[in-house]
Every structure is written in structure tokens, then in C-alpha cells.
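In listed order, ligands and their atoms are each counted from 1. Numbers for residues simply follow the sequence, beginning at 1. Predicted model only: the values in this text are computed from it and were never measured.
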Amino acid sequence: MPYSKIAGLGYYVPETVVTNQDLEKIMDTSDAWIQERTGIRERRFFTYGTDSIASMAAHASRQAIERAGLQPGDIDFIILATITSDYYFPGDGVLLQRELGLETIGALDVKNQCSGFIYALSVGDQFVRSGMYKNILVVGAEIQSTFLDKSTEGRNVAVIFGDGAGAVVLQATDSEDHRILSTHLHADGRYAEDLYVKGPGGSRPDRWFAPDMLENGDMEVKMNGSAVFKHAIQRFPEVIQEALDANGYTTSDISLLVPHQANLRISEYVRQKMGLSEDKVVNNIQHYGNTTAASIPIALTEAWEAGRVQPGDLICLAAFGSGFTWASALIRW
Ligand code: COA
């Protein structure tokens, strides 16, 4: 039975940089507050008419495919993670397939919020291991800037999130040495409403959308920030340790931890709790904010481009987010 390895990586972020100072002009917030609480200095917002979730996913995917030494036609399956699809349905998997000019290969959508990329990677890993597919595109892409209430009322959420896309090519390999070692997925739906967007939704009295939803703010992100923080700092270390235990490793074996970029304070807490030095943890939230399903493939690609991911390295990916969901993946590069 084959294993899977990451054969190529890519990312795309929209051109428009929105700094904390830009946000100060439209809501009652401050650069100092945002940096102290989240570490974020700037994020990217998409340009209407230029970017879509599918187009950003396609930019990242083309780069990943090229770096894998493949042509788009070599891809035999697409898995795309997003919570902010271009249409309510169909999902963006088929739109990405169309953008890449691929015909009839399957396209699967994953809606697991900030853990979406690792969930998607795990699904892809199982497909490759079963022998069903040889080259799978696994993508995370989000346009969140249009979901945010950018007034003072929505400031606790609006300052955190940004837009972007990242992609990897997952490829079949016989190598015991360079491959995805294991993935670990978890969820606890009791906390679904601690970070969610209520509407539009099917279980409504009449139609799945209505003017009152706008008035009630039902279509905007609602977050219980302290609950998210509390659970995140527990679940991140837990799921990283689970991945290490499953493979007989300890934290000292980790070459690089690529955490979902939720909040610099969370990543810093996790780093200290796991006893990792600063150079062993990737942080780029300062520049992109939290890009949900896109954050891990963007961070992993940037780290790879910077030479921080070398053959033989033990790379750990870890995520926590809405659901709550959390997940990890351990990779021998
Ligand atoms: N700018 C300025 N002030 C703000 C603000 C902003 N953007 N957002 C909230 N505040 C204010 C609040 O209104 C509150 O004011 P008050 O004391 O007068 O009522 C004060 O700051 C403290 O608010 P609080 O929500 O208690 O702040 P906090 O220290 O808990 O930080 C978060 C808020 C969101 C940064 C923090 O809870 C957090 O990081 N949570 C995790 C979020 C996360 O990672 N989400 C993504 C998960 S994938």
C-alpha cells in the first residue's frame, strides 16, 4: 500500500494590504490593542472583480503543481477546504476544477473551519493510501473580509481575519522515510455557537434567508473570544502530543511546528507549553491575520520557501477552530 507525501506547495494572497492603522479609521480600535491581543499588524483583503476564492485557490494550486513537477492534467482529485465559498452551493471544489481546466475529476469540499486544511489533508492521505488516487490537490482558500462587521460593534472579530489561499499536491510514494506519518482529527460540537455564522440556514421558520437576519446580525461572525482562547490552548498541545505519541516521538524530535495562525498569543502559549524554541514555530499571522483554512498551507509554503523545511525534517501541523474542531498531522519531509 502506498503512502502519501507533499510533493509541491504554493500560496496566494491578494494585493491589498489592510493595516491596523487602516482599521483605526473605520472602527474604534488601535494598532496597540490589536498587536498586544493578537500579534497582527496587517492582513490582505481581496479585490472585487479580480479575486475570488476559486481564483485565489487556482493561483496557489498552479504554483504547487509546478513545484511538484507536474501539469494540471496530472491531478486526479481535488479537495478544497473553505468556510467562505464563492456560492452557497456548489462548493468551490468544482469552481477550482473549472479554473484549472480539468475535466471530470472528482472535487470534494471540506467545511471544517480553521481545521479544514488538516481535515482535507487527512482525507487525501486516506485516498492515496487506499490506492484510489496518485496526485491530489489539497487546498485551503478564504475570502473572509466580506463576512466581517467592520464597525466598532464587530471589532473583536473584524481585526483578526484576512483573505488568502494555500495549496499542496499530495502524491503517492513507496518511501517509508519521506511521507505523511499520521493525521489526527477531533471535534466537540457542544461549542458550535462559540464561533459561528448563524445564517443563512435551512432550519428557519420560512425561507433560509430573510431581511431580519441582516438586522439581527445573524449573517456575521459571532465569537466568544475567551472560550475560543481557553479551549485552543488546551487542544493544541494535546493534539500535537497525540501525533508525537502515535509515532514514538517527543517534542525534541520536532523540526518545525506549523500551527494554524489563530492568534500569536495562542501560538506563543503552545510553543512555551511544548518547550519549543522560537525558531521551531512558524508565525506569519503578523502579516496575514487569521486566514482560517488557508493559514496552514500559506505558513507551510512560506517556511518551505525560506528554507525552513528540509528533507528528513519532522514537521508537525496543528489546528484549532470553530466547531470546535482540532487536528494535527505529522510529516517526515
Ligand atoms: N479594539 C479595541 N478594543 C477592543 C477590540 C478591538 N478590536 N475588541 C474588543 N475590544 C475591547 C472590548 O470591548 C473590551 O472592552 P471593555 O473592557 O470596555 O468591555 C476589551 O477590549 C476587552 O475585551 P475582551 O473580549 O475581554 O478582550 P480579550 O483580552 O479577551 O481579547 C480576543 C479578545 C478576541 C483577542 C481574545 O479573546 C482572543 O484572542 N480569543 C481567541 C480568538 C481566536 O483565536 N479566534 C480564532 C480562532 S480560530
Put together the list of close N/O pairs, under 3.5 Å, between ligand 1 and the protein, could you?
{"unit_1": "ligand 1", "atom_1": "1 (N)", "unit_2": "T29", "atom_2": "OG1", "d": "2.6"}
{"unit_1": "ligand 1", "atom_1": "3 (N)", "unit_2": "W33", "atom_2": "NE1", "d": "3.4"}
{"unit_1": "ligand 1", "atom_1": "7 (N)", "unit_2": "T29", "atom_2": "OG1", "d": "3.2"}
{"unit_1": "ligand 1", "atom_1": "7 (N)", "unit_2": "R155", "atom_2": "O", "d": "3.2"}
{"unit_1": "ligand 1", "atom_1": "13 (O)", "unit_2": "R155", "atom_2": "NH2", "d": "2.9"}
{"unit_1": "ligand 1", "atom_1": "21 (O)", "unit_2": "W33", "atom_2": "NE1", "d": "3.3"}
{"unit_1": "ligand 1", "atom_1": "29 (O)", "unit_2": "R37", "atom_2": "NE", "d": "2.8"}
{"unit_1": "ligand 1", "atom_1": "37 (O)", "unit_2": "G225", "atom_2": "O", "d": "3.4"}
{"unit_1": "ligand 1", "atom_1": "39 (O)", "unit_2": "N263", "atom_2": "ND2", "d": "2.5"}
{"unit_1": "ligand 1", "atom_1": "40 (N)", "unit_2": "G225", "atom_2": "O", "d": "2.9"}

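- Between K230 and D194 there is no salt bridge, since none of the side-chain N atoms of the basic residue sits less than 4.0 Å from a carboxylate O of the acidic one.
- Closest approach of V13 to R44, counting heavy atoms only: CG2-NH1, 3.5 Å.
- At a cut-off of 3.5 Å, with distance as the only test, a side-chain donor of S277 or D279 sits close to an acceptor on the other residue.
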Which is it for H186 and E242 under the side chain to side chain donor-acceptor pair (under 3.5 Å) test, yes or no, and what are the steps along the way? CA-CA 11 Å; H186 294 281; E242 183 183 348; 2.7 Å; yes

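- Side-chain contact, D125 with S122: no donor N or O sits under 3.5 Å from an acceptor N or O.
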Stepwise side chain to side chain donor-acceptor pair (under 3.5 Å) test for T19 and E42: CA-CA 4 Å; T19 63; E42 59 193 30; over 6 Å; no

